[in-house]
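Quick note: numbers below take in every heavy atom, side chains included, and nothing from hydrogens, waters or symmetry partners. Chain A is the first sequence line, chain B the second, and so forth, proteins listed ahead of strands; every chain is numbered from 1.
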Amino acid sequence: MLTRLSLRGFKSFAEPVELRFGPGVNVIVGPNGSGKSNVAEAILWALGEQRPARLRAPGMQDVLFSGGPGRQAVGVAEVTMGLAGPGGEGRPAELEVTRRLTRAGDAGYRLNGGRCRLLDVQDALATHGLGPRSLSVIRQGQVEAVCASHPAELRAVLDEAA
Amino acid sequence: MLTRLSLRGFKSFAEPVELRFGPGVNVIVGPNGSGKSNVAEAILWALGEQRPARLRAPGMQDVLFSGGPGRQAVGVAEVTMGLAGPGGEGRPAELEVTRRLTRAGDAGYRLNGGRCRLLDVQDALATHGLGPRSLSVIRQGQVEAVCASHPAELRAVLDEAA
Amino acid sequence: VAEGFDEVLDAVGRRFTEVVGLLFPGGEGRIRPVALEGEDGVVVEVVPAGKRPRALSLLSGGERSLVALAFCLAVAMARPAPFYLLDEVEAALDDVNLRRFLGVVRRLAGDTQFLLITHQQPTVETADTLFGVTMGGNGVSQVLARRLDRNPEGAARPWVRRA
Amino acid sequence: VAEGFDEVLDAVGRRFTEVVGLLFPGGEGRIRPVALEGEDGVVVEVVPAGKRPRALSLLSGGERSLVALAFCLAVAMARPAPFYLLDEVEAALDDVNLRRFLGVVRRLAGDTQFLLITHQQPTVETADTLFGVTMGGNGVSQVLARRLDRNPEGAARPWVRRA
Ligand SMILES: Nc1ncnc2c1ncn2[C@@H]1O[C@H](COP(=O)(O)OP(=O)(O)OP(=O)(O)O)[C@@H](O)[C@H]1O
Ligand SMILES: Nc1ncnc2c1ncn2[C@@H]1O[C@H](COP(=O)(O)OP(=O)(O)OP(=O)(O)O)[C@@H](O)[C@H]1O
Ligand SMILES: [Mg+2]
Ligand SMILES: [Mg+2]
């Protein structure tokens, strides 16, 4: 399960913010435009999302806090996600993924503190059952897409869940 | 304004049903799957919609009531829409459009009672300001499409509204 | 009606700026002509209060719905069509924004006819005429209608979301 | 995990039929393998109570959301992922269907972690942990968290749609 999510400089989260999740049902609530879907996108970003369109962004640079009245744009966005595995049977008990992007375009990933490549993050996440085609994230407005999928796409979702 | 809508055999409206609309705000309410959007699609269909996909139908035949437990499929779908123009200045005071489709595939249109072609219906509706690209109908799930439109498409909407 | 495009753009543009002021208090909006790859078009720009100009795609779901509805209402004010049929357009709006939207609809209702399809109580409460649609166990839909004196309090059913 | 596709399909298929029975009382659903143009795939079929088998596209917006959620929940039961992040997936559901959906979520919550983003009160009421997101006039978002004893009554804010 997801244990924590730390964000700073990501979209509307200029200030560092940390969410500590519990078991069962966690609910994120707030007015339109407050930043709820930005939290969801921080999770997708930490999971390795490479397509800006999936983060509603024209380009990946647009995920950096770009300023507000009396508040300057930031130079770096960083998100850390903590996962607790069930442990045992050779599965890692704890996984911490950090992704970072600077306005200059420098991108970086860390796995349990150590610098690594995107591929290492993707492999580690795959052993936890979190892959790009997983149904585990349904974005705003996308719920009906499951019904509209092609038979081959739906099959791929089942293959991935296995 | 729209004065009335009569449906029979159209989608879930196996029985003849008539809605008499008033000025101002008319609200259609009901549970999921009760038939509200089917009413909207009856209006689109009477306005001359030619694409089954815009009516959630695989093919145009699918708008005919196709049966339920203890209820046979119908052989014909017919929708009549009454429009009251503002009158005066050479504009028609009243316009009644009827569209009909049989399971055998016979399609027919009537304008103020007389048989006519689709083109005649489209012309008459155009003089009332009701065209295919008009914003006057926003289908379920399509509200954000306005924002996602290309600049040329948005311009066409304004041209049509003129 | 051989009206110039500039004339329409100006009329709708003014109404759009006005409606955005009502739906996004403290915010600003406009419609701007553009030429992309030789093709003429228009773009919509909205900056909610307390935010900076950004691509429309970066706005939230509720904010984008409100922008689209502001555009539709601006056209309704400037160049009204005989009626506006809106099917569950308020799905992404929170309670505060829904009431702002319905407030503008009520203002226009004197001159413009609206057909609103909904399962939300605040929308039901703005009705002058109400139609209830139901489906029986035989898959057949029925309709019941009521003309109202703007007091549909009693009509809340369990499937209508109250607010 | 070199598990056969048939095994996964069978496990998820059974759960899907079970969940459809809960979300569409009196209705039926299944997942069926198909081969189209030489490509293997699966299709989802659901017939709500009192209706006949028809293309999924002809179902209503709320019904299609519920079918998609049944599929997601079936996978969660058969082959759970570490968590499920669902952003405003209940927008098209009326009150009755929303409560049925939340009922299934609560059943699974013992074994599965859910992150639900919402502006609807019934969903807020199913929370074990609640996070409130707000944005100040400077365009910066903040988060406040509360662990709950399943009693978030007091938390309804004006922008949360009650039901
Ligand atoms: N790079 C950025 N810098 C600063 N603010 C941003 C950035 N990207 C997006 N935003 C702001 O974040 C807001 C959108 O937040 P979000 O989509 O999370 O809202 P939400 O709480 O999900 O709302 P809704 O209930 O309408 O879905 C927008 O108003 C936008 O201006
Ligand atoms: N040709 C047809 N014959 C009989 N029933 C049909 C036909 N086409 C669609 N239906 C039924 O109509 C129902 C959908 O109705 P509709 O989309 O109008 O619901 P709705 O009231 O808009 O619901 P929601 O609130 O979920 O949007 C479906 O359950 C479908 O089975
Ligand atoms: Mg959102
Ligand atoms: Mg509908």
Heavy-atom closest contact ([X] atom, [Y] atom, distance):
X	Y	value
B/Gly35	C/Ser141	CA-OG, 3.8 Å
B/Leu2	C/Gln113	N-OE1, 2.6 Å
C/Pro82	B/Gly129	CD-O, 4.1 Å
C/Phe71	B/Val146	CD2-CG1, 3.9 Å
C/Leu36	B/Pro151	CD1-CG, 3.5 Å
C/Ser65	B/Val143	OG-CG1, 3.7 Å

Mind checking the [atom1]-[atom2] spacing from [X] to [Y]? Nearest 0.5 Å is all I need.
X	Y	atom1	atom2	result
B/Arg139	C/Glu88	CZ	CD	14.0 Å
C/Phe83	B/Ile43	CZ	CD1	5.5 Å
B/Glu144	C/Glu63	CD	CD	10.5 Å
B/Ser37	C/Asp87	OG	CG	3.5 Å
C/Ile31	B/Leu158	CD1	CG	6.0 Å

Quick check on the interface: out of [options], who has the most heavy-atom pairs with chain B under 4.5 Å?
options	result
C/Val34, C/Val75, C/Asp40, C/Leu9	C/Asp40
C/Val143, C/Val8, C/Leu66, C/Val140	C/Val140
C/Leu85, C/Ile117, C/Val46	C/Leu85

(request) Name the member of B/Gln142, B/Arg71, B/Lys36 that forms the most heavy-atom pairs with chain C at distances under 4.5 Å. (result)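 Most heavy-atom pairs within the cutoff with chain C belong to B/Lys36.
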
(request) Go through the atoms of C/Leu86 and report whether side chain, backbone, both or neither lie under 4.5 Å from a heavy atom of chain B. (result)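 Both backbone and side chain of C/Leu86 come within 4.5 Å of chain B.
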
(message) Does any part of the side chain of B/Ile28, heavy atoms only, come nearer than 4.5 Å to the side chain of C/Thr118, both counted from C-beta?
(response)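 The answer is no, as the side chains (C-beta and beyond) never meet within the 4.5 Å cut-off.
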
(request) May I ask you to list the residues in residues 11-27 of chain B that approach chain C closer than 4.5 angstrom, counting heavy atoms only, ordered by number? (result)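 Checking residues 11-27 of chain B against chain C gives B/Ser12, B/Phe13, B/Ala14, B/Glu15, B/Val17, B/Leu19, B/Arg20, B/Phe21, B/Gly22, B/Pro23, B/Gly24, B/Val25, B/Asn26, B/Val27.
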
Heavy atoms of other groups near [X] [atom1], more than 12 under 6.0 Å:
X	atom1	value
C/Arg107	CZ	no
B/Gln50	CD	yes
C/Arg100	CZ	yes

